[in-house]
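The structure presented is a predicted model; accordingly, all values stated were derived computationally and were not measured. All heavy atoms count here, side chains included; hydrogens, waters and symmetry mates do not. Sequence lines set the chain letters: A, B, ... in the order given, protein chains first and strands last, and positions in each chain run from 1.
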Protein chains: 2
Amino acid sequence: MLTIGKLGKAAGVKVPTIRYYEQIGLLPEPERSAGNQRLYGQSALDRLAFIRHARELGFPLEAIRDLLSLSDKPDQSCAAADVIAKKHLTAVKARIARLTALKAELERMITQCAQGTVADCRVIEVLSDHSRGAQDHRTSGAAE
Amino acid sequence: MLTIGKLGKAAGVKVPTIRYYEQIGLLPEPERSAGNQRLYGQSALDRLAFIRHARELGFPLEAIRDLLSLSDKPDQSCAAADVIAKKHLTAVKARIARLTALKAELERMITQCAQGTVADCRVIEVLSDHSRGAQDHRTSGAAE
DNA sequence: GTAAGATCTCTAGTAGCTATAGCTTCAAGA
DNA sequence: TCTTGAAGCTATAGCTACTAGAGATCTTAC
């Protein structure tokens, strides 16, 4: 049996966050010790690790709630999980594209900044590029 | 001169968000019409486009505030902007790595889900993989 | 037995918006 | 010129996903 601190360490989640997850019903109410402290078993650790992993990957708590409810009744169709995964995949792809573009921009910025003052630094220009022949950035960028 | 709605459309930012930015001091208070409505010029559009672009790329508002203050005094050294950009670049790289891993996982999930029920669907397993030889995922994943 | 550290509950604060209520102003058509 | 409907105004409250405090209690190691 794990105390909340041990559980948090094992799953990589902060203690108040665990209590928060319990409060909003993502984690079931655990057993308590004689002195009223929470005690967790392996299944709580699994569940929390799942939540943390999904959160890290950008799933909102509501999607996680859905996925957990699926795992709670594993003999049902996979269609719902599939829908969630597909929806998220689209968002993930868009995010990767944007972040990759940003990475290039940041690298360019840093290179250029290394050689001058703000006057000839492109940081600001790069990030407000709408006015210099890149009016079309919305076509590729605003897909969210 | 643009009304707030036109400005929002031009920059791709919602009207309440513009007012929010003004409230927290990211945008200067604009002129007003005789009837007390906000009126914006080109510089406000530039500034807002910059903010939106930076937000889209994941810069927190405080970093944007810093960058804007730099652009307001463009004859100073670029070092500060460089620091901000570098710090952000590290975070961006980590994010891309995580999202790329997620993309693979989601794609695998969807493929597998297409062929069965939740009973043999890996959605939950994939996302709580700590117990199957991937305990070290924290080493590569929790860098934020 | 005592002292440090972990846990308890509860409340309030954070970022970055978003929504609502109830009002006024503006632009376009009849 | 009147009117009507969209767009604007202020102010406040709500949202997600936590995070931080206060002040009390429990557990554990010496």
- A/Tyr21 side chain near D/dC18 phosphate (N/O to OP1/OP2, under 4.0 Å): yes
- Counting only side-chain N and O atoms of B/Arg38, is one of them less than 4.0 Å from OP1 or OP2 of D/dC9? yes
- Query: In whole angstroms, how far is the P atom of D/dT16 from the CD1 atom of A/Ile51?
  - Reply: 16 Å
- Mind checking what makes salt bridge (charged side-chain N to carboxylate O under 4.0 Å, His left out) contact with B/Glu31, not counting sequence neighbours? none
- Query: Roughly how many Å is it from OH in B/Tyr20 to C1' in D/dC15, rounded to a whole number?
  - Reply: 13 Å
- Message: Nearest whole Å is fine: how far is D/dC9 P from B/Tyr40 OH?
- Response: 7 Å
- Message: Between C1' on D/dG8 and CD on B/Glu22, what's the gap in Å once rounded to a whole number?
- Response: 13 Å
- Item | Length of the line joining B/Gln23:CD and C/dC17:C1', which is rounded to integer Å | 11 Å
- Query: Which of the following nucleotides, C/dT18, D/dT19, C/dC8, is nearest to the side chain of A/Thr17?
  - Reply: D/dT19
- Item | Any B/Arg65 side-chain nitrogen or oxygen under 4.0 Å from OP1 or OP2 of C/dA15 | no
- Check the distance between D/dT16's C1' and A/Ile64's CD1 and give it to me in whole angstrom. 12 Å
- Message: Count I, L, V, M, F, W, Y as connected when their side-chain heavy atoms are under 4.5 Å apart, and connections chain through other members. Are B/Tyr20 and B/Ile64 then in the same cluster?
- Response: yes
- Message: Using 0.5 Å steps for rounding, measure from the CG atom of B/Asp46 to the CD atom of B/Gln42.
- Response: 4.5 Å
- Given A/Ile51, A/Ile4, A/Leu26, the one that forms side chain to side chain contact (heavy atoms under 4.5 Å, CB included) with A/Ile18: A/Ile4
- Task: Would you mind telling me which of C/dC17, D/dG8, C/dC8 lies closest to the side-chain atoms of A/Arg32?
- Result: C/dC8
- By nearest-nucleotide position on DNA chain D, the 5'-leaning member of B/Leu39 and A/Pro16 is B/Leu39
- Message: Whole angstroms only, please: what is the CD1-P distance between A/Ile18 and C/dT7?
- Response: 9 Å
- Query: Is any side-chain nitrogen or oxygen of B/Arg52 closer than 4.0 Å to OP1 or OP2 of C/dC17?
  - Reply: no
- Query: Which value, rounded to the nearest 0.5 Å, describes the distance between A/Leu61 atom CG and A/Ile24 atom CD1?
  - Reply: 5.0 Å
- Output yes when a side-chain donor or acceptor of A/Arg52 lies under 3.5 Å from a complementary backbone atom of A/Val13, and no otherwise. no
- Does A/Arg19 put a side-chain nitrogen or oxygen below 4.0 Å from OP1 or OP2 of C/dC8? yes
- B/Glu62/B/Arg65 ion pair, N-O < 4.0 Å: yes
Atom pairs under 3.5 Å: protein N/O with N/O of nucleotides 27-30 of chain D:
from	atom 1	to	atom 2	distance (Å)
D/dT27	OP1	A/Ser33	OG	3.1
D/dT27	OP1	A/Gly35	N	3.1

- Message: Without decimals, in angstroms, what is the distance between A/Lys14 NZ and C/dT7 C1'?
- Response: 18 Å
- Query: Would you say a side-chain N or O of B/Arg55 is under 4.0 Å from OP1 or OP2 of C/dA15?
  - Reply: no
